[in-house]
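Accompanying notes for the structure given below.
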Amino acid sequence: MTAPVLRPAASADVDALAQLHARSFPAEPWERGALARLLVLPKMHARLAESGRFPAGFILALVVGGEAEILTLCVDPGLRRRGLARALLADLYAAARAIQSARVVLEVAADNAIGRALYAAEGFAAIGRRPFYYRRPDAPAVDALILARPLA
Ligand SMILES: CC(C)(COP(=O)(O)OP(=O)(O)OC[C@H]1O[C@@H](n2cnc3c(N)ncnc32)[C@H](O)[C@@H]1OP(=O)(O)O)[C@@H](O)C(=O)NCCC(=O)NCCS
């Protein structure tokens with residue numbers, strides 16, 4: 001596969017981001033308005049991956065205080081296992097390193113086996129757990145695992 005094209009995500013991309021998020025997290029899609037508010041935060045790292053000029057995936061991370069916190073990362077279900085998440089993460093590491101961030105942190109649902117596989121492959125390790133953090137409509141709440149990866 002050719003290298004994915006990454007570019008900053010802007011307010012004009014909010015519909016594409018909302019669609020990608022809903023397709024990736026059908027049980028808990030983020031509203032368009034919430035995404036729009038996140039996109040304009042000053043320390044927000046927002047990157048869109050495009051495949052053939054179509055939105056294929058995105059990452060939102062707050063890069064602040066020596067740490068980058070991933071808020072969400074998703075790739076269109078039809079375009080997975082092509083290295084897009086890896087490319088979005090590599091781009092985040094570079095941006096965070098450029099302002100001397102020491103590590104990347106995130107929360108992932110304990111039952112998200114694919115997300116956990118991605119982050120394990122990327123060198124993240126568990127540093128904490130928030131019990132019953134993610135509510136599920138017809139099932140018990142699920143713990144959040146807090147993962148971190150040094151950037152040095
Ligand atoms: C998790 C997600 C972002 C991965 O996106 P992706 O573009 O398919 O990931 P990549 O192709 O870059 O995969 C990188 C590595 O992650 C791991 N991985 C990714 N998908 C996997 C799967 N289905 N099963 C096992 N390992 C997987 C592998 O180690 C993979 O490397 P490899 O393909 O060389 O084996 C995507 O599946 C997604 O959007 N899921 C729903 C949203 C989500 O759970 N986001 C993460 C929590 S915030």
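Just follow the structure's listing: the first ligand is 1, and inside any ligand the first atom is 1.
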Residue part near ligand 1, for Leu118, under 4.0 Å between non-hydrogen atoms | both
Please report which non-hydrogen protein atom sits nearest to atom 4 (C) of ligand 1, along with the residue it belongs to and the distance in Å to one decimal place.
-> Ala85 CB, 3.7 Å
Atom pairs and distances, side-chain donor-acceptor, residues 129-145, under 3.5 Å, sequence neighbours left out:
unit_1	atom_1	unit_2	atom_2	d
Arg129	NH1	Asp143	OD2	2.7
Arg130	NE	Glu107	OE2	2.7
Arg130	NH2	Glu107	OE2	2.9
Tyr133	OH	Glu107	OE1	3.2
Arg136	NH1	Glu28	OE2	3.4
Arg136	NH2	Asp111	OD1	2.9
Arg136	NH2	Asp111	OD2	3.3
Asp143	OD1	Phe132	N	2.8

Nearest heavy atom to atom 46 (C) of ligand 1: which of Leu73, Leu20, Ile70, Leu106 does it belong to?
-> Leu73
Backbone or side-chain N or O of Cys74 under 3.5 Å from ligand 1 N or O = no
Just by distance, do the side chain of Arg116 and the backbone of Ala110 share a donor-acceptor pair under 3.5 Å?
-> yes
Those atoms of ligand 1 less than 4.0 Å from some heavy atom in Gly83 = 10 (P), 11 (O), 12 (O)
Could you find the nearest protein heavy atom to atom 47 (C) of ligand 1 and give me its residue, atom name and distance?
-> Asn112 ND2, 3.7 Å
So do Pro8 and Arg47 actually touch side chain to side chain, heavy atoms under 4.5 Å?
-> yes
Answer whether the closest heavy-atom distance between the side chains of Leu20 and Leu48 falls below 4.5 Å.
-> yes
Minimum heavy-atom distance between Leu39 and Ala10, given as atom pair plus value = CD1-O, 3.5 Å
Asp15 versus Leu17: any side-chain heavy-atom pair under 4.5 Å?
-> no
What distance do Ile70 atom CD1 and Phe124 atom CZ have between them, rounded to the nearest 0.5 Å?
-> 4.5 Å
Below 3.5 angstrom, do we get any N/O pair linking Arg86 and ligand 1?
-> yes
Side chain, backbone, both or neither: Arg82 near ligand 1, heavy atoms under 4.0 Å | backbone
Check: Val105 and Glu69 side chains under 4.5 Å, non-hydrogen atoms | yes
Below 4.5 Å, heavy atoms only, C-beta onward: do Leu38 and Leu62 meet side chain to side chain?
-> no
Taking atom 42 (C) of ligand 1 as the reference point, the nearest protein heavy atom with its distance = Phe25 CZ, 3.3 Å
For atom 20 (N) of ligand 1, which candidate among Arg81, Arg80, His21 provides the closest heavy atom?
-> Arg81
Ala117 N/O under 3.5 Å from ligand 1 N/O = no
Among protein heavy atoms, which sits nearest to atom 39 (O) of ligand 1, and what does the distance come to when rounded to 0.1 Å?
-> Val75 N, 2.8 Å
Find all atoms of ligand 1 within a distance of less than 4.0 Å from any non-hydrogen atom belonging to Leu84, and give their numbers and elements.
-> 7 (O), 12 (O)
Could you find the nearest protein heavy atom to atom 48 (S) of ligand 1 and give me its residue, atom name and distance?
-> Tyr119 OH, 3.6 Å
Hey, are the side chains of Pro4 and Arg86 touching, using non-hydrogen atoms and a 4.5 Å cut-off?
-> no
Does Ala121 reach ligand 1 with a nitrogen or oxygen that is under 3.5 Å from one of the ligand's nitrogen or oxygen atoms?
-> no
